[in-house]
Amino acid sequence: MRRLALIAALPVLALAQPALAQGSAPGSNPIIRDKFTADPAPLVVGDRLYLYVGHDEAQRDEMFNMKEWLVYSTTDMRNWTDHGPIMKATDFKWAKKDAWASQVIQKNGKFWFYTAVEHDDTHPGKAIGVAVSDSPTGPFVDAKGSALVTNQMTPKGTHSWEDIDPTVFTDDDGTTWIAWGNRQAYIAKLKPNMTEIDGPITEITPPHFEEGPWLHKRGSLYYLTYASLDRKTHRDERVSYSTAPSITGPWTYRGELTDSGKYSFTIHPGIVEYKGEWYIFLHNASLTVGDQNGAIGRRAVTVEYLRFNPDGTMKRVVQTDAGVTAPPPPK
Ligand code: FUB
């Protein structure tokens, strides 16, 4: 997120939000309609898909106001159960605010929640925390008692919100990796205890990287998908991606996967395979709740089918209102 760009864009965004015709088929986009939600992170547990989101509560022209994370689940990709909040940013005693992007991963019989928050003045800037629960619906509690990553651990960065948006991925050898970043992207191993970085933090910034990295693997190919910003041609973020033959690279840039989200400066990918289908979760700012229109800090999560070419590259995703209520495209 670029602060200056966001502020410059606000008057335009405020004008550009007609109320959408909403209330169509269950499962159409946006998939959650009674609250503003952002930064979707899917996790499959058995036959259920859980979706972790940040709760957008910005008032009027406030940029972001995110105090807590919510979780929803589904077994049919149409009907979503609201399990409520799983944690507040201030449940990390060392954090001041900002329940920003997160991801949950299951390992060793527990659910590990990695997320970005604003650290208190002992380590100024954004930081990454880790929380744990015995259940995918929480409650989650701080697993470490201090930040896993602080702004001071990545000294090359030029801004205080560089260490955000963690994505976690367990490779076939059982090693769990964490990647994160804003403008610079980083990757590191996690120790088996899931609460400490193991070894060096390596910079892997791909072309046009802005934020919101998401790691996944399909077949023998590794994917790093992220919110991108082409500073010369685009005002709003889009999704781009790179692929690699191993989690340690080398990464090859594969270009843009999506356009920007409707009325939204930010976009944020979360990719998952569920019941034989691949999906990409995103967010836009097309939702109206009561008298509140979508805005930069009032976003709404969406989902689309994801399709792959024979060489493993991903087919460009068109963001629709029908989403997964439309017939699945051919594989
Ligand atoms: O939701 C707050 C921030 O906006 C996230 O951390 C970024 O990915 C962007 O979506």
Side-chain angles (χ1 to χ4, degrees), residues 1-7 9-10 13 30 32 35-42 51-58 62-70 87-89 92 95-104 113-119 125-129 149 151 157 159-168 178-186 205-206 208-215 224-229 234-241 258 260-271 280-287 294-302 319:
M1 170 206 49
R2 292 182 312 163
R3 261 184 197 157
L4 286 178
L6 293 182
I7 290 162
L10 281 176
L13 291 163
I32 310 296
K35 294 184 187 99
F36 293 107
T37 57
D39 304 327
L51 186 66
Y52 299 86
V53 297
H55 187 185
D56 262 345
E57 298 184 86
E62 210 174 8
M63 193 156 84
F64 292 126
N65 183 348
M66 305 181 77
K67 300 187 183 80
E68 62 184 6
W69 299 272
L70 312 173
M87 200 177 178
K88 299 194 299 290
F92 292 107
K96 289 204 280 202
K97 58 179 183 173
D98 289 347
W100 283 18
S102 69
Q103 187 178 349
V104 173
F113 176 69
Y114 295 83
T115 194
V117 288
E118 180 77 17
H119 205 292
K126 286 282 180 293
I128 293 171
V149 177
N151 193 34
H159 55 302
S160 65
W161 62 100
E162 181 198 18
D163 297 287
I164 61 169
D165 295 1
T167 175
V168 271
I178 180 166
W180 71 94
N182 177 288
R183 289 192 215 160
Q184 285 84 37
Y186 298 101
T205 310
H208 309 301
F209 177 78
E210 186 64 13
E211 55 190 355
W214 185 269
L215 288 169
L224 174 65
T225 308
Y226 53 93
S228 56
L229 200 60
H234 307 317
R235 197 196 67 193
D236 295 336
E237 292 178 349
R238 300 176 174 208
V239 173
S240 299
Y241 75 107
T258 74
S260 51
K262 209 178 220 175
Y263 310 137
S264 182
F265 172 72
T266 66
I267 197 165
H268 194 108
I271 293 174
I280 182 166
F281 289 85
L282 300 162
H283 68 221
N284 64 29
S286 70
L287 181 68
I296 196 160
R298 288 190 294 276
R299 295 161 291 179
V301 296
T302 64
Q319 297 172 76

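Atoms within each ligand, like the ligands themselves, are counted from 1 in listed order.
Across Ser260 and Asp236, no two heavy atoms sit closer than the pair CB-CB, 3.6 Å. Residues Phe64 and Trp100 come closest through the heavy atom pair CD1-CZ2, 3.7 Å.
The side-chain contact (heavy atoms from CB on, under 4.5 Å) test with Thr37 singles out one residue from Leu287, Leu51, Leu70, and that residue is Leu70. With respect to Thr266, the side chain to side chain donor-acceptor pair (under 3.5 Å) criterion is satisfied by exactly one of Arg299, Glu210, Glu211, Glu237: Arg299. Residue Lys126 forms a side chain to side chain donor-acceptor pair (under 3.5 Å) with just one option from Asp98, Asn182, Asp163, and that option is Asp98.
Each of the following atoms of ligand 1 lies closer than 4.0 Å to a heavy atom of Phe64: 4 (O). Of all atoms in ligand 1, numbered sequentially from 1 with element shown, those under 4.0 Å from a heavy atom of Arg299 are 1 (O), 2 (C), 4 (O), 9 (C), 10 (O). Against a heavy-atom cut-off of under 4.0 Å, Ala101 is close to the following atoms of ligand 1: 6 (O).
For ligand 1, the polar-atom distance check against Asp165 finds a nitrogen or oxygen pair separated by under 3.5 Å.
Between Met66 and ligand 1 there is a heavy-atom distance shorter than 4.0 Å.
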